[in-house]
Protein chains: 2
Amino acid sequence: MSDTQLKSALDTLKTTGVRITPQRHAILEYLIETMSHPTADDIYKALEHKFPNMSVATVYNNLRVFRESGLVRELTYGDNASRFDFVTTKHYHIICESCGKIVDFHYPGLDEVEHLAAHVTGFKVNSHRLEVYGTCPDCEEKATKLQ
Amino acid sequence: MSDTQLKSALDTLKTTGVRITPQRHAILEYLIETMSHPTADDIYKALEHKFPNMSVATVYNNLRVFRESGLVRELTYGDNASRFDFVTTKHYHIICESCGKIVDFHYPGLDEVEHLAAHVTGFKVNSHRLEVYGTCPDCEEKATKLQ
DNA sequence: TTATTTATTTATAATCGTTATAAATAGTTT
DNA sequence: AAACTATTTATAACGATTATAAATAAATAA
Ligand SMILES: [Mn+2]
Ligand SMILES: [Mn+2]
Ligand SMILES: [Zn+2]
Ligand SMILES: [Zn+2]
C-alpha cells in the first residue's frame, strides 16, 4: 500500500527531472510510513541515525521540492514550525489544543462558502483553508481524571 | 460609532484591572479607526510620530493583553507576521494571494462541519478556522490589463 | 501631598524557524 | 575519464517575536 505510494511519488519526481537522492528517498519514505504530520525537525531527528551528516537545510529544501511537485502539503501555524502532510486525498484537519495532535477528517463540498465569498467580495477564488480545534479523546480523558 | 467601540473596549480593560496608558489608548484607537488588519509593525510605524520612544515590544505586549481580553483576534500566517483584527462580530476572511489584502465576509453556520468532525474523530470541538484565498478585484484587473 | 507599591514601558539581547550563501560532493552526460 | 549540473553540507543571516532588567509612570496608602 504505502509501497505503491512511494513508487508513485518517485515517478512524479523523475518525470519532472528531480534526482532521487538517498536523502530524498528517506524523507519521502518517512512521510509516507509515519502517516502523521511531522515538522521539518521531526524528520531531521528521525533520519539522523541513518544520515549523521545530513543538514537541516536539506530537509527544508526537499520539503519545498515535494511541495512544488504537489506531493506534500505544508500546514503553517503562526509562530510554530510548519507541519508537512503527504498528500493522498483532499481532507481537513482537527487539531488538539492541548497536545497538538493533528487528525484527518473528510468533509464534502464547501464550494458554497467559496461561491458566497466570491460573490460578496468580488474576489476570484482559488482555494480555502479550514481547520477545527478542540481536545482529543486522550487529553479529554486525562482532564476528567484530574477532576 | 467607532467612538463607542473605543469606550466599550476601554471599559472592558478597566474592569479586568488593566491600566489605560497613552500607548494602549493609541493602539486601540488605531485598530478601531483603520478598519484593517495591521501587523504589529504597521501599528508601530503608524504611531511612531506620536510616540517616538515607544518600543516595538510595547506593541506586542499590548496586543497580547487585548487578545487575552477578547478585544482583538490574532490572524497567523506561517512565516509572515501576524495580523490583528479588532473584534466586533464573528466573521471570516478572504485573502488576496497577490497583494495580501484581507477582506471580511460573513457566513452563517459551519456548525455542521464542527459536528461532523467531532463525530468522526471523537474530539471535543471548541472552534474552527476558515479562510478563503484568491485574487482581489484590483489585482485581477491589473493582471488582465497586462495580457 | 508625599511615600510606597505595582504595572507598564523601554532598550536591548536572545530565541527559533527558516532561508541564503558558497564550497564540497555526487550524479549525469559527453 | 572529463565536464557539467544538481544536490548536499556547513554556516551565517534573517525576521518576527519574546525575555530580561532597568527606568518610568500609574495607583494606592499614609
Ligand atoms: Mn492530513
Ligand atoms: Mn476581519
Ligand atoms: Zn490531545
Ligand atoms: Zn490583491
N/O donor-acceptor pair under 3.5 Å between B/Thr34 side chain and B/Tyr30 backbone: yes

Sequence-aligned protein contact record of nucleotides 4-19 of chain C, with B where the base is within under 4.0 Å of a protein heavy atom and S where only the sugar-phosphate is: --BBSSBB-----SSB

Between D/dT18 (P) and B/Tyr44 (OH): distance, integer Å: 16 Å

Under 3.5 Å side-chain donor-acceptor pair for B/Asn61 and B/Thr58: no

Pairs of donor and acceptor atoms involving the side chains of residues 13-25 of chain B, under 3.5 Å and at least two apart or interchain, shall be tabulated with distances.
from	atom 1	to	atom 2	distance (Å)
B/Thr15	OG1	B/Asp11	O	3.2
B/Thr15	OG1	B/Thr12	O	2.8
B/Thr16	OG1	B/Thr12	O	3.2
B/Thr16	OG1	B/Leu13	O	2.9
B/Thr21	OG1	B/Arg24	N	3.1
B/Arg24	NE	B/Asn62	OD1	2.7
B/Arg24	NH1	B/Arg19	O	2.8
B/Arg24	NH2	B/Asn62	OD1	3.3

Who pairs with D/dA1 - Watson-Crick or G-U, where each distance is under 3.5 Å: C/dT30

Side chain proximity check, B/Tyr92 to B/His106, heavy atoms < 4.5 angstrom: no

When the side chains of residues 84-91 of chain A are checked against the rest of the protein, which donor-acceptor pairs come out under 3.5 Å, sequence neighbours left out?
from	atom 1	to	atom 2	distance (Å)
A/Asp85	OD2	A/His37	NE2	3.3
A/Asp85	OD2	A/His91	NE2	3.0
A/Asp85	OD2	A/His93	NE2	3.0
A/His91	ND1	A/Thr89	O	2.8
A/His91	NE2	A/His93	NE2	3.2
A/His91	NE2	A/Asp104	OD1	3.2

B/Arg129 to B/Tyr77, cation-pi by 6.0 Å centre distance and 45° axis angle: yes

Rounded distance (Å) that lies between atom P of C/dG27 and atom NE2 of A/His25: 14 Å

Watson-Crick or G-U counterpart of C/dA24, or none if no pair lies under 3.5 Å: D/dT7

